[in-house]
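To keep things clear, I will list the structure first and then write my remarks on it.
Chain letters run A, B, ... following the sequence lines, proteins first and then strands; every chain starts at 1. Please read all numbers here as calculations on a predicted model, not as lab measurements.
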Amino acid sequence: MSARRVYGGIAAAVVFLCAGAWAVAQKADAPAAAASASAPASASTPVAMATGAAAPAASTDPVLEHGRYLARAGDCVSCHTAPGKPAFGGGLPMKTPFGTIVSTNITPDTEAGIGAYTEAEFARALREGVARDGHRLYPAMPYPSFARVNDEDMHALFVFFRNGVQPVAQKPPATDLPWPFSMRGLMIGWNWIYLDKGVYQSDSARSAEWNRGAYLVQGLGHCGDCHTPRSMLGGVKAANDRKGDAFLSGAVIDGWYAQPLRHTDRPTMAQWPAEEIVQYLQTGRTSHTAAFGAMVDVVQNSTQHLSTQDLQAVSAYLKSLGATEGAPAAASPASLVAAAPKHPVALALRNGTVEGNSGAMVYLNNCNACHRSDGTGADKTFPALAGNSVVNAKDPTSLIRLVLAGSAMPATSKAPSPIAMPDFGWRLSDADVASVLSFARSSWGNRGEAVTADQVAKVRDTVKPAKNP
Amino acid sequence: MANIRKPGVDAVLVGFGWTGAIMGMELTAAGLKVLALERGENRDTQPDFAYPRITDELSYGIRGKLFQNLSRETVTIRHTPADVAVPYRQLASFLPGDGVGGAGVHWNGHHWRPLPSDLRIRSTYEERYGRKFIPEGMTIQDFGVSYEELEPHFDQFEKICGTSGKAGNIGGKIQPGGNPFEGARANEFPLPPLASVNSAKLFEKAARELGYHPFPQAAANASRAYTNPHGAQLGPCNFCGFCERYGCYMYSKASPQTTLLPVLMKRPNFELRTRSHVLRVNMSPDGKRATGVTYVDAEGNEVEQPADLVVLCAYQLHNVRLLMLSNIGKRYDPATGEGVVGRNYAYQLNGGASLFFDKEQPMNPFVGAGASGTVIDDFDGDNFDHGPLGFVGGATINSINTGGRPIQQMSLPPGAPAWGAGWKKAVKENYLYMASVGSQGSVMAYRDNYLDLDPTYKDVHGQPLLRMTFDWKDNDLAMTQFIGTKVEQIARAMGPKQLKMNFQKAGAHYDVRYYQSTHNTGGAPMGTDPKTSAVNRFLQVWDVPNVFVMGASAFPQNFGYNPTGMVGALAYWSAKAIREQYLKNPGALA
């Protein structure tokens with residue numbers, strides 16, 4: 001971490017010298033916005049879009065409703081809402097390599113929120129990361145992605161955030177990163193490198209569906225902000241499919257490994273049938289796997305609300321990434337599940353011939369009940385481990401965290417049961433977790449590398465301790 | 001202890017187990033603002049039933065972690081009105097539940113429909129055997145609702161539960177492999193039967209060769225992954241052997257948590273308050289209307305909760321007690337036979353055999369599920385000729401294997417030492433080779449088996465405990481003796497090397513000190529005559545149209561089956577009447 005800060009500091013200094021305009025960009029205390037005319041009170045009743053709570057009454061304004069839909073696509077509520085607090089009121093702390101960033105109040109309150117913003121200022125904040133008073137936003141706010149959002153959608157979003165959200169009068173604590181990252185002016189230089197301006201441009205060689213998917217994934221969906229690895233300066237290594245194979249190739253963020261969303265040399269979601277990708281995003285589960293950890297909020301608050309058509313577009317786009325003709329594809333998850341019951345490991349577990357094989361013994365004692373001796377789990381209920389993209393992932397961070405801390409599936413309107421995997425961190429040592437995961441990653445046709453106790457210990461440090469038994 | 005008054009709601013549900021969850025779903029769907037008050041804690045599969053902590057026999061099986069805390073509230077029990085009742089201080093004969101989900105969390109999942117004749121038992125016996133066949137003092141009654149009227153609701157509840165079974169009668173056509181005696185059903189079960197374990201296979205063969213009609217026990221333990229009509233999901237039962245007394249970590253036991261709460265808890269017009277113990281239903285000065293309830297909250301405050309509709313969903317014992325504590329309905333007096341609240345208390349009379357096989361026939365008792373096994377209905381209800389036998393009622397006979405847990409389920413042959421090295425040797429030699437054959441029998445209603453309030457003992461809130469006056473009667477003992485001969489016949493035909501019979505003998509008294517059943521029934525029976533029933537056929541209190549009473553308190557007597565299937569169907573039936581009739585025109589429905 002400290003080496004990163006040194007490099008970061010040097011980079012910051014370089015940017016500082018190049019930019020030279022940082023003083024201008026320093027945040028000035030915003031004058032009280034009361035004097036400026038705020039947006040006229042809307043005809044429709046402002047309704048809080050609470051996370052997971054009652055569905056707000058729909059308004060009669062189709063633009064506002066479209067804005068509500070787009071805000072779901074952007075999943076603004078997940079970052080801009082603190083647990084137990086009113087929707088969009090901000091206050092959620094997010095750990096980044098540069099320090100903890102606290103989300104802001106984006107309700108229409110003129111003092112604590114963005115009620116004083118004009119539409120142009122709103123668009124500038126979303127697309128360029130510049131606030132009304134000129135201060136720079138940190139790119140934890142994914143403005144480099146939201147730069148793709150077109151004018152019509154931006155207008156609808158503004159109408160929603162002005163008229164469709166309940167004002168919240170509390171201002172959350174301000175973000176206070178350690179120096180030099182506290183200098184927001186550094187973002188000017190950072191934006192030079194990482195901010196591509198301009199709304200999404202259709203690729204005429206591709207179908208309308210593909211383009212819609214690209215628009216959603218690159219823009220409001222901002223999938224790359226978690227699923228694309230970042231440079232040391234904190235920018236994504238590739239912002240879209242034209243910028244390289246790093247795009248959506250998987251990344252560790254905030255203690256989770258966000259899985260690859262493209263074809264790689266391992267089983268990934270890109271090999272699922274399109275309907276399964278749609279199903280995953282709509283219901284948080286498929287026949288063979290389920291959303292967990294950081295994706296629970298994404299499914300619950302965002303993707304479950306998108307239209308089937310939009311999800312099909314997202315699916316078509318993701319399935320096109322990294323697909324190469326002729327190259328040997330990784331064994332598909334479905335094929336591994338089909339072959340699993342006859343696999344020697346399945347037979348050994350069923351017959352109990354696991355003496356001396358510690359990973360298999362840990363599996364029998366802890367995992368077999370739900371995930372079964374053939375690793376096929378149960379349809380839509382307990383994920384299959386055979387061919388599972390998480391089990392096969394190059395980086396086992398999420399897999400380790402899941403075993404230590406457990407997780408529940410999202411509760412969605414189409415699939416309301418939050419089926420949960422319990423936590424095993426209290427019961428299994430680092431060595432136990434390492435051996436059972438190494439076992440799972442090399443069984444039933446899986447080809448993941450072994451996991452070490454050291455790797456487990458590192459993840460355990462990032463996880464809040466579970467309650468004592 | 002401040003007095004608090006909460007804003008009113010359309011409907012308040014007292015207790016949040018199966019019937020509370022069903023009523024919650026149905027009434028919120030009708031647009032009502034519904035509040036459920038549960039005295040116990042919130043419970044859910046995660047974290048409360050999570051593997052492996054839940055598979056702890058000492059905590060859950062012996063110390064009863066999920067059950068009612070008897071030191072705070074219990075019942076007093078005596079055999080006859082001439083005796084003095086004393087408190088039931090240890091969990092034994094029956095295991096009252098507690099917390100969200102109630103006994104729906106820790107039941108075994110035997111899912112039955114009553115026979116059509118069960119619901120009109122008095123009429124059936126009078127028609128078939130003559131009026132004089134029913135002895136004086138046996139106060140059995142027809143339910144006032146028919147099997148045919150309830151059929152869609154039996155079906156509905158089975159689909160909610162994902163019940164695994166084999167139908168025996170679809171639309172009047174007898175189906176091979178099912179129960180040929182059952183009432184006609186419209187549909188097959190929603191899931192196929194659970195796989196059969198070794199002991200059940202032996203039972204099935206023996207019963208069939210004796211000319212009986214074995215079929216798989218209908219199980220609310222899902223035989224495969226299932227999605228119910230509400231979109232809620234069940235996992236496949238993996239025969240872990242920790243069913244009754246435990247919560248299910250596989251999501252495979254049907255409970256309010258697995259089948260209804262994922263949807264109900266998200267409805268904006270539904271609220272749940274736990275640790276809210278209802279003291280009484282509040283009444284208008286003229287006693288004709290309930291105005292709501294009063295409860296004690298987690299901090300000990302007395303809270304008044306106004307409501308337009310009060311539904312008692314608090315389990316048979318507590319429902320009856322609440323009616324008494326609220327002065328609703330005329331209290332039953334065994335001396336005169338008059339009154340309705342407290343009358344017709346009944347139970348379940350069981351017996352069984354332990355079988356011990358040799359090493360060529362491993363039974364593997366640890367492969368258990370709550371309702372895994374094979375049953376015959378040949379000697380249940382009025383499925384056989386009672387004329388020459390002279391008793392009313394009958395029993396199912398089964399081989400059900402719920403598990404082989406080390407403390408409670410290790411049976412040893414006669415003569416085995418009860419402790420020490422000899423005991424260990426006997427366990428080692430017999431554990432894998434033990435099986436059982438059981439019977440679950442009906443208990444009729446009698447004039448002097450009843451419930452009232454105890455004059456001496458009180459709970460922690462200072463309210464009198466419920467007093468249970470109950471003993472076995474000759475009729476039911478004669479039934480169980482008869483059943484015992486059939487159980488022995490089948491058990492011997494299964495070919496064990498040793499057999500241990502355990503049946504009540506003539507003249508036996510009810511002994512609360514060992515576990516028998518939590519099928520307590522009656523006390524607020526349903527019926528068509530307000531002189532002999534506390535609620536009408538829609539479970540609405542005769543005197544007080546805005547109070548409904550769910551649960552097995554409605555049974556005028558108990559049949560041979562487990563009650564939950566009937567309890568769930570009655571809740572759906574009552575909810576339908578409330579939605580389609582009562583809400584449009586509040587008042588007496590019958």
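Ring orientation note: the planes of F292(A) and W256(A) are nearly perpendicular, at an angle over 60° on the 30°/60° scale. A tilted orientation is assigned to the rings of F439(A) and Y363(A), their planes being inclined by 30° to 60°.
Residue contact with chain A, scored on non-hydrogen atoms closer than 4.5 Å, is absent for L261(B). A369(A) touches chain B through backbone and side chain together, each having a heavy atom under 4.5 Å away.
Looking only at heavy-atom pairs under 4.5 Å with chain B, the residue among K414(A), M421(A), R372(A), R427(A) that has the most is R427(A). Of the residues considered (G231(B), A50(B), C240(B)), G231(B) shows the highest number of contacts with chain A, using heavy-atom pairs under 4.5 Å.
With 3.5 Å as the limit, one finds a donor-acceptor pair spanning the side chains of S287(A) and D379(A).
Judged by distance alone, the side chain of H371(A) and the main-chain N or O of P383(A) form a donor-acceptor pair under 3.5 Å.
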